[in-house]
Protein chains: 2
Amino acid sequence: MQRSIFKILIIPIEPMELAITLDSTSGEPLQRQLYSELRRGIITGRLARGLRLPPTRELAGNLGISRTTVTLVYESLVSEGYLEGRTGAGTYVASCLPDELLEPTIELPTAAASASAEAAPPSTLSSFGRYLASTELLGPRKDPEFQFAFGRPDGEHFPMGQWLRLLNKHGKSAELSYLELPKRSQGHPLYLGRSRGVNVQPEQIIIVNGSQQAADLVTRLFVEQGEYVGMEDPCWVGAKTIFESQGARLWPVPVDEEGIRVSELCRPETPSMKLLYVTPSHQFPTGAVLSLSRRFELLAWAKRANTYIVEDDYDSEFRYSGRPVPALAGLDTSQRVLYIGTFSKVLFVSLRLGYLVVPPNLVHAFAHGKWLTDRHSPILEQLVLADFINEGHLERHIRRMRKIYEERREALIQSLDANFGNRVRIVGQNAGIHVLVEFATNLSTDEVMEQAYAAGVGLLPAMHLQQLKVGFGRKAVSFIMCYGALTPEQIAEGVRRLARAIKQ
Amino acid sequence: MQRSIFKILIIPIEPMELAITLDSTSGEPLQRQLYSELRRGIITGRLARGLRLPPTRELAGNLGISRTTVTLVYESLVSEGYLEGRTGAGTYVASCLPDELLEPTIELPTAAASASAEAAPPSTLSSFGRYLASTELLGPRKDPEFQFAFGRPDGEHFPMGQWLRLLNKHGKSAELSYLELPKRSQGHPLYLGRSRGVNVQPEQIIIVNGSQQAADLVTRLFVEQGEYVGMEDPCWVGAKTIFESQGARLWPVPVDEEGIRVSELCRPETPSMKLLYVTPSHQFPTGAVLSLSRRFELLAWAKRANTYIVEDDYDSEFRYSGRPVPALAGLDTSQRVLYIGTFSKVLFVSLRLGYLVVPPNLVHAFAHGKWLTDRHSPILEQLVLADFINEGHLERHIRRMRKIYEERREALIQSLDANFGNRVRIVGQNAGIHVLVEFATNLSTDEVMEQAYAAGVGLLPAMHLQQLKVGFGRKAVSFIMCYGALTPEQIAEGVRRLARAIKQ
């Protein structure tokens with residue numbers, strides 16, 4: 001840790017002296033420190049009403065800080081009424097001070113406030129609020145060195161230069177200041193039609209803040225407390241959390257190497273479902289691709305059962321072999337599919353842009369839902385993304401990343417083979433930026449997680465709705481390992497460490 | 001309208017000829033047009049499997065378009081499997097075509113799909129979904145020339161140069177690619193403390209996509225179907241819609257020139273409320289400022305009634321006279337206030353950034369709520385905004401806009417006086433970017449709206465929860481007139497037109 005250096009100056013001002021304490025290493029901006037010091041002096045009366053302050057140049061020189069900083073502080077205090085500027089005659093403490101009540105009631109975190117953070121949340125929360133208060137949704141604050149737990153894309157190879165050029169171009173345009181309604185259609189129908197076999201009218205596309213918001217909106221529009229939502233088993237924990245938080249009951253449907261087993265849906269004990277959530281292009285986490293025949297069966301079932309299918313097409317861009325299969329939304333003739341797409345996986349994570357494609361008779365409700373929830377997603381990013389697609393950068397980037405991810409995938413599989421031999425089983429198709437890995441071990445899932453984390457390796461446990469075990473049977477644990485944001489060298493080292501950590 | 005020019009070329013390719021149609025004025029990018037033409041030719045068999053296409057340079061020359069465009073189209077078709085590139089030997093139609101099913105099932109909107117847009121939404125929607133499907137939340141698509149209906153800020157005087165400089169600075173940084181969690185605290189505690197008398201720990205601030213999302217989150221976390229939410233009467237229609245859509249029952253509380261009448265809350269018939277939504281710094285729409293004594297009464301009431309107060313501090317930055325009054329959140333000692341702030345009013349509308357300040361024992365639930373809903377608000381804009389605040393641009397901009405808005409306000413009041421004389425009454429304090437205006441007329445609110453719109457003037461009717469009438473009594477209509485985004489000249493002309501339109 002850096003040594004803390006305090007700078008305390010006694011500045012002579014007529015007719016008194018003022019001690020100003022600035023700490024250049026505290027992390028608090030000097031401007032704020034100076035502001036607080038002067039304001040406190042005025043409020044406590046150490047700086048009397050009508051007192052003349054030193055000129056900005058002089059004070060800046062004495063304190064060894066920039067004159068701009070001092071000027072900004074003076075201006076702030078003038079605008080708030082603590083100081084008065086008399087033209088040509090300097091700056092004075094105001095003769096009539098603003099309401100003392102403007103002084104914050106809590107200057108520093110008091111013991112009471114800190115205690116209150118530990119206090120229980122109020123009993124008046126809704127069931128949604130209680131769910132949020134009682135669960136731990138966010139992972140550990142600090143990423144381990146080798147983080148295999150999150151499906152992040154690579155950040156190094158993104159063509160940031162092109163992105164910035166477009167950011168600048170659109171940042172200058174007047175559109176930014178005035179637009180209120182989402183520009184829903186820009187570029188996206190083109191992209192969808194070409195790569196996913198989905199052909200839609202621009203109105204059917206609702207731009208949202210990533211697939212998370214899409215799933216949340218779908219749930220709010222369809223599901224009441226206690227109603228059923230069908231999910232693949234194993235499944236993506238994120239979607240499970242969204243449905244559960246809103247009081248849905250989950251109905252697990254097993255997955256095999258052809259994807260979700262539609263025949264299970266046709267059994268008499270299957271309850272009436274509001275939604276069925278699926279990941280057909282690359283089942284999460286098994287990686288199975290839903291076969292074409294099952295796709296048609298699934299659509300026919302949805303129509304019969306009066307259910308909507310939520311198709312989360314989260315990483316269809318990355319396939320390394322085999323033929324692409326068209327999205328359910330592209331095969332659907334009875335308007336039963338709510339399609340979710342995202343750009344976080346193909347561009348960068350912090351870009352929160354995704355889209356929903358909904359049947360025409362649901363456009364009104366979804367557009368209103370987005371409007372009511374947060375008006376629209378950031379316009380600037382939408383303008384930039386539209387150009388990024390239209391100028392061909394997106395497809396070029398995807399082609400490039402396909403090669404890079406395929407190498408990383410290879411590296412992960414080889415490392416696992418080399419370090420675990422016949423104690424590892426890798427599940428899933430040649431696609432995406434993660435694999436499902438099963439380890440033969442006597443340790444529990446939690447023990448593996450803990451020992452891996454201590455060795456600097458982050459893992460995401462596979463989420464089984466039922467105790468559906470495959471392969472090694474009881475003496476095995478399964479994890480999702482994401483390799484998108486790790487280099488082949490990092491992957492190799494991470495797997496070596498993992499092997500050492502759980503060897504027994 | 002521009003004349004449509006079609007470019008039809010017959011390009012000789014061995015052993016057949018292909019007609020390619022490009023329309024340079026269609027608005028559809030040439031690249032997409034060329035892509036569609038070639039793809040259609042391949043799918044329909046006009047371009048036979050194994051056929052050699054002309055070199056990019058030759059085709060570009062023939063079509064009079066850039067070679068890059070042709071190259072990108074070829075590359076796309078190769079990556080999708082329609083074409084094959086043989087090194088040194090040109091580009092050929094693939095001998096083995098990808099699954100015909102990749103062809104979109106709907107090429108153009110069919111009669112069935114169009115009819116479906118008119119079809120009723122499904123009966124399986126939740127009550128939230130049914131509310132959205134059955135109401136009209138979005139205003140008219142086309143703004144009238146003189147739009148007084150929306151509280152937009154001015155767009156001309158925003159220091160876009162500074163904003164772009166910061167956008168560039170942060171766009172280059174690696175933070176963008178990796179950050180997943182919101183940077184909640186940057187700059188905002190400083191801003192809050194200095195201008196609003198609220199002093200909080202950074203953790204208590206939840207950055208959201210504008211005040212709309214803040215109000216939506218608060219409602220979801222507290223209110224179940226059928227529970228009561230208290231609202232000022234008259235009130236902001238946006239908040240009313242959020243509460244209603246989630247099944248809340250509204251309890252109106254009258255407002256006078258000192259703001260919400262707290263004594264009304266203490267009557268025995270007042271039901272138990274989950275939330276009370278107020279706009280104390282500048283009541284929307286009356287403009288009343290909640291007096292200091294009522295602030296203390298309100299906080300005491302909330303504690304007794306075990307209710308939370310939602311303080312929407314939507315435009316406290318713009319006061320033209322009188323002393324600022326501290327926010328409720330700054331006076332609250334019993335952790336009963338959920339404070340909502342927004343930057344849309346002080347910066348620009350399409351920037352969707354606002355914040356919630358919540359008591360320490362609610363931080364966990366709200367942080368999870370934001371995370372579950374859409375992960376986080378755009379990181380780039382947060383980084384830019386933090387610097388924008390820290391470098392002093394925000395305060396400078398606010399100071400500048402105060403003068404400009406005050407002039408516009410003057411212009412509106414003078415125009416109304418000059419054109420309506422004693423048939424107009426203007427309600428509210430000297431603050432904000434709107435006024436509440438009451439016109440003496442025999443026309444109904446709808447008739448005034450319609451005639452004004454026909455004359456190019458947009459108005460927002462004041463939303464009364466009860467038939468609470470003031471001033472002129474029954475023969476009057478009241479509207480909210482926002483002047484932030486109109487110049488004094490536009491204001492004068494808009495009011496002249498309005499006077500002519502409703503003169504009778």
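Proteins get letters first, then strands, A, B, ... in listed order; numbering begins at 1 in each.
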key: Nearest non-hydrogen partners of A:N390 and B:Q31, listed with the distance   =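 Scanning both residues, the minimum pair turns out to be O-OE1, 3.3 Å.
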Closest non-hydrogen atom pair, A:E381 against B:L380 =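 Where A:E381 meets B:L380 most closely, the heavy atoms are OE2-CD2, 4.1 Å.
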request  = Look only at the side chain of A:T124 and the backbone of B:K274, and say whether a donor-acceptor pair between them is shorter than 3.5 Å.
outcome  = no
request  = Keeping the roles fixed (side chain from A:R375, backbone from B:R352), state whether a donor-acceptor pair exists under 3.5 Å.
outcome  = no
ask   = Got a second to check how far B:T373's OG1 is from A:Q212's CD, nearest 0.5 Å?
value =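 Spacing of OG1 (B:T373) from CD (A:Q212) equals 8.0 Å.
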key: Atom pair NE2/CG of B:H364 and A:L132 - distance to nearest 0.5 Å   = 8.0 Å
Note, [X] side chain near [Y] side chain (heavy atom, < 4.5 Å):
| X | Y | result |
| --- | --- | --- |
| B:E75 | A:R399 | yes |
| A:L372 | B:F128 | yes |
| A:D374 | B:D374 | yes |
| B:Q246 | A:R220 | yes |

query = Highest number of heavy-atom pairs under 4.5 Å with chain B: which of A:G210, A:S127, A:G238?
reply =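 So the answer, after comparing A:G210, A:S127, A:G238, is A:S127.
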ask   = So which of A:S126, A:S245, A:S123 has the largest heavy-atom pair count under 4.5 angstrom toward chain B?
value = A:S126
inquiry  = Can you tell me which residue among B:L164, B:N168, B:L167 is in a side-chain contact (heavy atoms from CB on, under 4.5 Å) with A:L167?
reply    =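 That would be B:L167.
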Greatest number of heavy atom pairs closer than 4.5 Å to chain A - which of [options]:
| options | result |
| --- | --- |
| B:G129, B:S134, B:G392, B:A215 | B:G129 |
| B:R396, B:E391, B:E227 | B:R396 |
| B:A133, B:A214, B:P378 | B:A133 |

task = Can you tell which part of A:F366 gets under 4.5 Å to a heavy atom of chain B, answering side chain, backbone, both or neither?
result =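 The answer is neither part of A:F366.
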Per-residue contact mode, B:T135 against chain A (heavy atom under 4.5 angstrom) = both
